[in-house]
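Only heavy atoms go into these numbers, but all of them, side chains included; no hydrogens, no water, no symmetry mates.
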Amino acid sequence: HFPLWIEAAWRDGDGTVFGWYHHEPGGVCAGKPLTAPKIGAVVSFDGGKSITDLGIVLETGEPYDCNSKNEYFAGGHGDFSVVLDRNNGYFYFLFTNYSGPDEQQGIVTARLAYEDRFHPAGAVWKYYQGEWTEPGVGGRMTPVYTAAVNWQSANTDSFWGPAVHWNSHVEEFVMLLNRSCCGPDFPQEGIYIAQNADPSDPLAWSPPAKLLDRSEIGFRPGFYPQVMGLNWGETDTLAGEHARLYIHGISDWELVFDKPPAPAPPPGTPPPGEGGSAIPIDPVRR
């Protein structure tokens with residue numbers, strides 16, 4: 001499946017490397033330069049020196065829109081991250097759906113059982129209306145963040161290109177997002193941040209908060225945000241209190257994640273071990 005861009009990877013304890021790629025097929029719309037991306041999987045048994053294609057795992061089942069004003073895509077799935085949950089149970093895909101009904105476009109999610117990682121084709125399931133039962137190829141989706149204006153319009157307004165990492169300081173998954181608004185050719189409105197402790201609950205992602213406005217980025221094209229952890233063993237999917245912020249491969253910023261202390265218990269609450277226990281209060285998230 002060429003051309004392809006490997007956008008996520010995972011190394012098992014025995015050194016086996018699993019990767020997932022964004023593939024843009026040609027010839028989708030006759031006489032037009034539009035494509036419709038798909039997401040596939042690879043495996044490497046020699047540290048990434050060579051790879052074996054395991055096939056397409058996420059693909060739209062909707063017809064292509066060759067009248068799309070997007071200037072790049074006539075539909076499809078792409079621009080994604082893959083993260084493993086904290087229990088090594090599932091790989092979670094957070095990706096952009098550029099196809100189909102308006103209510104299904106935007107940032108969507110799917111998952112692959114860890115035990116199915118060697119045979120992922122047909123084993124990836126999309127999230128739809130509270131269940132992980134829609135097939136990765138052709139299934140329906142309930143977005144994490146629904147596009148405000150669909151991707152076929154000349155004034156698209158949607159988040160896209162999620163970059164997700166586990167943050168050991170705040171003990172949650174953190175997502176960085178691009179927002180395209182409000183014209184064709186992916187104009188960058190800004191970069192946003194959101195978080196969620198449990199990716200198995202897609203609707204628990206916090207509302208995206210703006211991290212940088214387009215005017216603050218200072219160079220073109222100003223998208224593709226990601227972090228890089230600064231401590232030993234940290235990566236672009238694992239970071240702590242301090243991390244470098246990269247935008248389109250350039251880092252002019254450092255991110256500092258703040259986990260405020262839990263609020264003091266209400267007056268009159270007995271200390272633990274003295275006639276009762278304090279009521280647990282969720283720390284304020286930021």
(message) Between Thr60 and Glu62 (side chain of the first, backbone of the second, donor and acceptor by atom type, cut-off under 3.5 Å), is there such a pair?
(response) yes

(message) What's the separation between atom CG in Leu212 and atom CD in Gln188, rounded to the nearest 0.5 Å?
(response) 9.5 Å

(message) Would you compute the distance between atom NE2 of His77 and atom OG of Ser99 and round it to the nearest 0.5 angstrom?
(response) 6.5 Å

(request) Identify, with sequence neighbours excluded, every residue that meets ring pair (Phe, Tyr, Trp, His ring centres under 6.0 Å) alongside Tyr98. (result) Phe73, Trp151

(message) For Asp213, is there any backbone N or O sitting under 3.5 Å from a side-chain donor or acceptor partner on Glu216?
(response) yes

(request) Would you check if the side chain of Ser81 reaches a backbone N or O of Pro162 as a donor-acceptor pair within less than 3.5 Å? (result) yes

(message) Tell me whether Thr16 contacts the main-chain N or O of Phe45 through its side chain, where contact means a donor paired with an acceptor under 3.5 Å.
(response) no

(request) Compute the centroid of each ring, for Trp160 and then for Phe223, and state whether the two points are separated by less than 6.0 Å. (result) yes

(message) Looking only at the aromatic ring of each residue, does the gap between the centers of Tyr90 and Trp132 stay below 6.0 angstrom?
(response) no

(request) Applying side chain to side chain donor-acceptor pair (under 3.5 Å), run through Tyr21 and Asp53 and close with a yes or a no. (result) CA-CA 10 Å; Tyr21 60 83; Asp53 192 346; 2.9 Å; yes

(request) State whether Glu59 and Lys38 are salt-bridged, where the test is any N-O pair (Lys NZ or Arg NE/NH1/NH2 against Asp/Glu carboxylate O) under 4.0 Å. (result) yes

(message) His1: which residues meet the ring pair (Phe, Tyr, Trp, His ring centres under 6.0 Å) condition with it, sequence neighbours left out?
(response) His23

(message) Applying disulfide bond (SG atoms under 2.5 Å apart) as the test, list every pair that has at least one member in residues 35-109; sequence neighbours left out.
(response) Cys29-Cys66

(request) Under the ring pair (Phe, Tyr, Trp, His ring centres under 6.0 Å) rule, collect the residues that match up with Trp166, sequence neighbours excluded. (result) Phe173

(message) Check whether Asp46 reaches the backbone of Lys49 with its side chain - one donor and one acceptor, N or O, closer than 3.5 Å.
(response) yes

(request) Give a yes or no on this: more than 12 heavy atoms of other residues, nucleotides or ligands lie within 6.0 Å of atom OH of Tyr72. (result) no

(request) List for me each residue that meets ring pair (Phe, Tyr, Trp, His ring centres under 6.0 Å) alongside Tyr128, sequence neighbours excluded, and say none if there are none. (result) none

(message) Taking side chain to side chain donor-acceptor pair (under 3.5 Å) as the criterion, tell me which of His169, His165, Glu171 meets it with Asn167.
(response) His165

(request) Would you check if the side chain of Thr142 reaches a backbone N or O of Gln129 as a donor-acceptor pair within less than 3.5 Å? (result) yes

(request) Inspect the contact between Arg86 and Asp198 and indicate whether a charged nitrogen and a carboxylate oxygen are less than 4.0 angstrom apart. (result) no

(message) I'd like to check the side chain to side chain donor-acceptor pair (under 3.5 Å) partners of Thr52; sequence neighbours left out, ordered by chain and number.
(response) none

(request) Please state whether the rings of Phe18 and Phe118 are parallel, tilted or perpendicular, taking 30° and 60° as the class boundaries. (result) perpendicular

(message) With salt bridge (Lys or Arg N to Asp or Glu O under 4.0 Å) as the test, pick out the partner of Glu134 among Arg140, Arg111, Lys126.
(response) Arg140

